Amino acid sequence: MASFELKSNQYVLTLLCAPDVPFETLLEDVRDKFRKSAKFFKNGQMAVRFQGRVLSDEEQRLLVKAITDSCQLDITCIIDEDASRQEKEAELIAKSIRDTTENSAALVTQSLKNGQRLSFGRTVVILGDVQPGAEVVSDGSIVVLGIAMGILRAGASGNEHSFISGTVLKPFEISIAGHRAVSGIRKTEIDREYAPDPKVACLREGHISLEPLSGDLFDAILHGKKLPGKNSRGAADSMPGTDGPQKKA
């Protein structure tokens, strides 16, 4: 029995993984398959989706690494959606993702809906909303040029200099480099009455701090400098990480 089946179109690579095969066998078979298909995938850019078995975030990362190490295919993101969603919707998400500059940030040009989950190995900029129930995970930073009310996880690989910013930043849950906080907001849909109020979430002494976005603060975060004092307009609540009691945003 094959450990996985491979399906692809121009935008999405789907791995249908056998549920009962040991993960190490699956990993080696994926590595071998893409090594043999290296010429076909050379210099391509695709999103990837895993189906057929439940995989942890770490197992998904290992499979993506096996693919990218074996051929010159650039995996732009991992698409993790409810199985009942239409194939066309997955393609539309994948089409909307592209590099802003080579080997820099990824750009998503549409909103993410409830149940949609994207994972990136780089900073991501989203031109749209992250609606309640949607999730964005990034090894780098997350910038939402819209209303962010879903789950946002930056610095997933441990980068404490990563940050999260949004035109309206009202996430249900937020984490940076493993430091996590949960908001008191329990909205079930986007509330269009929010006025633009740019904020940035960053780590200050091991705690997530949600603050008004200023030029000095943004410059310090981008360049890894010492963070300036909190904006004179006043910062939002400082949100403790996982080691301390959580506070509502």
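The shown structure was predicted, so the numbers you read here are calculated from the model rather than taken from an experiment. Residue numbers count from 1 along this sequence.
- Taking both residues in full, the closest heavy atoms of A66 and L27 are given as CB-CD1, 3.8 Å, listed atom of the first, atom of the second, then distance.
- Separation of atoms CD1 (I176) and CZ (R204) is listed at 11.5 Å; rounding is to 0.5 Å.
- Counting all heavy atoms, side chain and backbone alike, G52 lies closest to P19 at O-CB, 3.7 Å.
- A salt bridge is absent between K170 and D197; no separation between the charged side-chain nitrogens and carboxylate oxygens falls under 4.0 Å.
- Here the OG atom belonging to S70 is positioned 9.0 Å from the NZ atom belonging to K65, to the nearest 0.5 angstrom.
- With sequence neighbours excluded, the residues satisfying salt bridge (charged side-chain N to carboxylate O under 4.0 Å, His left out) with K36 are D32.
- Contacts of S37 classified as side chain to side chain contact (heavy atoms under 4.5 Å, CB included), with partners at least two apart in sequence or in another chain: K33, F41.
- Listed here is the closest heavy atom pair of C71 and F34: CB-O, 3.6 Å.
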If you apply the rule side-chain contact (heavy atoms from CB on, under 4.5 Å), what do you find for E160 with H179, and how did you get there?
CA-CA 9 Å; E160 294 191 346; H179 300 268; 3.8 Å; yes
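- At least one side-chain heavy atom of L6 sits less than 4.5 Å from a side-chain heavy atom of L13.
- For F4, there are no ring-ring contact (aromatic ring centres under 6.0 Å, His included) partners two or more places apart in sequence or in a different chain.
- Annotation: side chain of M46 is in contact with side chain of L73 (closest heavy-atom distance under 4.5 Å).
- Between the CD1 atom of I164 and the OG atom of S175 there is a distance of 6.5 Å, given to the nearest 0.5 Å.
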Decide yes or no on side-chain contact (heavy atoms from CB on, under 4.5 Å) for N159 and D139, but give the supporting numbers first.
CA-CA 7 Å; N159 180 8; D139 285 350; over 6 Å; no
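- The nearest pair of heavy atoms linking I208 to A201 is CG2-CB, 4.2 Å.
- With sequence neighbours excluded, the residues forming a salt bridge (charged side-chain N to carboxylate O under 4.0 Å, His left out) with E173 are R153, R180, listed by chain and number.
- Side-chain contact between R117 and V137: present, with at least one pair of heavy atoms (C-beta onward) separated by less than 4.5 Å.
- Within the 4.5 Å cutoff, no side-chain heavy atoms of L118 are placed close to those of I126.
- Closest of all the heavy-atom pairs between S138 and G140 is OG-N, 2.9 Å.
- Residues satisfying the side chain to side chain contact (heavy atoms under 4.5 Å, CB included) criterion with E58, sequence neighbours excluded, are S56, R61, L62.
- Checking side-chain atoms of S165 against main-chain N and O of V200 turns up no donor-acceptor pair under 3.5 Å.
- Judged by distance alone, the side chain of S3 and the main-chain N or O of L26 form no donor-acceptor pair under 3.5 Å.
- Note that OG of S111 and CD of Q131 are 6.0 Å apart. Values are rounded to the nearest 0.5 Å.
- R49 contributes no side-chain N or O that, together with a main-chain N or O of T14, makes up a donor-acceptor pair within less than 3.5 Å.
- For the atom pair CZ of R53 and CG of L15, the computed distance is 11.5 Å after rounding to the nearest 0.5 Å.
- Evaluation of the side chain to side chain contact (heavy atoms under 4.5 Å, CB included) rule for V64 yields V48, F50, T68, I75, I78 as partners, not counting sequence neighbours.
- Among all heavy-atom pairs drawn from L152 and P171, the shortest one is CD1-CB, 4.2 Å.
- By the 4.5 Å heavy-atom criterion applied to side chains, L127 and L107 are counted as neighbours.
- Here the NZ atom belonging to K113 is positioned 11.5 Å from the CG atom belonging to D129, to the nearest 0.5 angstrom.
- The hydrophobic cluster containing L16 does not contain V21, counting ILVMFWY residues as joined when their side-chain heavy atoms lie under 4.5 angstrom apart, directly or transitively.
- Counting heavy atoms from C-beta outward, L63 and F23 have side chains that approach closer than 4.5 Å.
- Listed by chain and number, the residues in a salt bridge (charged side-chain N to carboxylate O under 4.0 Å, His left out) with D29 amount to none (sequence neighbours excluded).
- Environment of CD in E5: sparse, with no more than 12 heavy atoms of neighbouring residues, nucleotides or ligands closer than 6.0 Å.
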